[in-house]
Amino acid sequence: MNAAHAEHNLAFPECVRIESKPHLFCPGCGHPEALKALGFAIDELGIQKKVALGVDIGCSLLAWDYFNLDTIETHHGRTIPVMVGMKRANPDALTIAYVGDGGAYAIGSGHLLNAAERDENIMVIVINNAVYAMTGGQEAPTTLPGMIVDTAPCGADEYFIKGPQLVREINPTAFVARGITSRQLELRKLMKDALKFHMEGRGFVFVEVLSPCTLNWKTMDNPHKTFDFLERVLARAYPVGRF
Ligand SMILES: Cc1ncc(C[n+]2csc(CCOP(=O)(O)OP(=O)(O)O)c2C)c(N)n1
Ligand SMILES: [Mg+2]
């Protein structure tokens with residue numbers, strides 16, 4: 001980030017010291033905001049050398065290229081058991097699975113539920129953008145009732161999965177929370193608390209992050225619309241907080 005950027009970045013003056021590179025996400029995408037919060041939390045805790053970051057297929061896979069961390073990329077929905085294996089083989093490693101809502105709640109839902117039930121010592125971050133983003137905006141388990149997406153042109157049905165509530169239901173002692181990319185400082189604090197819980201080896205850590213997909217929400221030309229949908233529609237259906 002150059003000095004000109006830093007001048008405008010009053011919330012993050014420390015950015016002056018940080019090298020960055022252009023990212024490959026769409027304009028207005030929430031993934032970089034979630035990754036930024038995670039990156040700052042990792043830096044603040046000084047744990048870079050201990051972290052292994054697993055990224056799923058979907059837009060989350062682009063995350064492999066932005067951190068000075070060991071990363072591994074696996075098939076859609078399989079990042080959670082891969083990180084469970086990594087943790088069992090390397091108990092000292094801090095193991096984070098970074099997954100989309102399609103990966104976590106559809107094709108990988110069995111992995112998520114079993115890891116949560118067994119209270120595996122891993123941290124899972126699920127990016128909830130209410131669609132299968134990378135493959136073109138198909139309906140996901142998180143798509144809200146009436147939401148128009150490519151595979152539901154008349155509006156999605158009334159069922160939508162509430163990940164944190166589900167994990168809390170099957171694991172009463174896990175760290176379970178939901179954040180949102182539009183509240184960056186809050187999200188960074190949440191990531192830090194989640195990482196601390198994980199560093200203490202206290203069991204399963206689950207953080208869902210509400211995150212915009214401007215391409216498939218068709219709001220790329222209008223940040224106000226993006227923000228409104230994120231804060232006024234998504235965050236109403238999916239309450240942000242600790243569970
Ligand atoms: C086993 C397998 N099934 C299906 C796919 C095709 N696929 C690639 S990305 C993707 C959608 C990802 O959606 P999500 O997990 O919500 O992540 P997002 O792109 O929205 O961040 C799918 C279905 C795949 N790569 N591997
Ligand atoms: Mg998605």
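Just follow the structure's listing: the first ligand is 1, and inside any ligand the first atom is 1. All residue numbers in this chain count up from 1 along the given sequence.
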The criterion is ring-ring contact (aromatic ring centres under 6.0 Å, His included); which residues satisfy it with His198, sequence neighbours excluded?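 Testing His198 for ring-ring contact (aromatic ring centres under 6.0 Å, His included), a comparison that skips the adjacent residues, returns none.
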
Would you say Gln184 and Thr181 are linked by a side-chain donor-acceptor pair, where the criterion is simply a distance under 3.5 Å?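 Per modelled atom types, Thr181 and Gln184 side chains form no pair under 3.5 Å.
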
Does either side chain, that of Asn171 or that of Thr173, offer a donor lying less than 3.5 Å from an acceptor on the other one?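 Side chains of Asn171 and Thr173: pair found under 3.5 Å.
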
The Mg ion (ligand 2): angle it makes with OD1 (Asn129) and OD1 (Asp101), nearest 10 degrees: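 If I round to 10°, I get 100°.
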
Euclidean distance, Asp92 CG relative to Met199 CE, rounded to 0.5 Å: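 Atom-to-atom, Met199:CE and Asp92:CG are 12.0 Å apart.
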
What's the shortest distance from [atom] to any protein heavy atom, and which residue and atom give it?
{"atom": "atom 25 (N) of ligand 1", "answer": "Ile57 CG2, 3.4 Å"}
{"atom": "atom 17 (O) of ligand 1", "answer": "Gly100 CA, 3.7 Å"}
{"atom": "atom 11 (C) of ligand 1", "answer": "Tyr132 CD2, 3.2 Å"}
{"atom": "atom 7 (N) of ligand 1", "answer": "Thr135 CG2, 3.5 Å"}

Need the ligand 1 atom indices (1-based, order shown) with element for anything under 4.0 Å from a heavy-atom of [X].
{"X": "Asn129", "result": "18 (P), 20 (O), 21 (O)"}
{"X": "Val131", "result": "16 (O), 20 (O)"}
{"X": "Gly102", "result": "14 (P), 15 (O), 16 (O)"}
{"X": "Met134", "result": "19 (O)"}
{"X": "His31", "result": "21 (O)"}
{"X": "Gly103", "result": "15 (O)"}

Under 2.8 Å from the Mg ion (ligand 2), is there an N/O/S atom belonging to Val131?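 For Val131, the answer is yes, given that an N, O or S atom comes within less than 2.8 Å of the Mg ion (ligand 2).
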
Using 2.8 Å as the threshold, say whether any N, O or S atom from Asn128 sits that close to the Mg ion (ligand 2).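 Under 2.8 Å: Asn128 has no N, O or S contact with the Mg ion (ligand 2).
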
Check the orientation of Phe229 and Trp217. Use parallel for under 30°, tilted for 30 to 60°, and perpendicular for over 60°.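 It falls in the perpendicular class, over 60°.
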
Do the numbers put Lys225 on top of the ring of Phe227, so that NZ or CZ is under 6.0 Å from the six-membered ring centre and no more than 45° off the axis?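 The answer is no, since Lys225 fails at least one limit relative to Phe227.
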
Over-ring placement of Arg188 relative to Phe40, 6.0 Å and 45° cut-offs: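 Pair Arg188/Phe40 counts as cation-pi.
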
Check: Leu185 and Lys189 side chains under 4.5 Å, non-hydrogen atoms: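 They are not in side-chain contact.
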
More than 12 heavy atoms of other groups within 6.0 Å of Asn68 CG: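 Counting neighbours around CG of Asn68, 12 or fewer heavy atoms of other residues, nucleotides or ligands fall under 6.0 Å, so no.
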
Answer side chain, backbone, both or neither: which part of Ile127 comes under 4.0 Å from ligand 1, heavy atoms only.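 It is neither part, as no heavy atom is under 4.0 Å.
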
Any idea which of His75, Arg78, Gln138, His76 brings a heavy atom closest to atom 12 (C) of ligand 1?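 Going through His75, Arg78, Gln138, His76 one by one, His76 has the nearest heavy atom to atom 12 (C) of ligand 1.
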
If you measure from atom 16 (O) of ligand 1 to every heavy atom of Ile107, Asn128, Asp101, which option wins on shortest distance?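 That would be Asp101.
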
Check: Tyr238 ring centre within less than 6.0 Å of Phe160 ring centre: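 Tyr238 vs Phe160: aromatic centres under 6.0 Å.
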
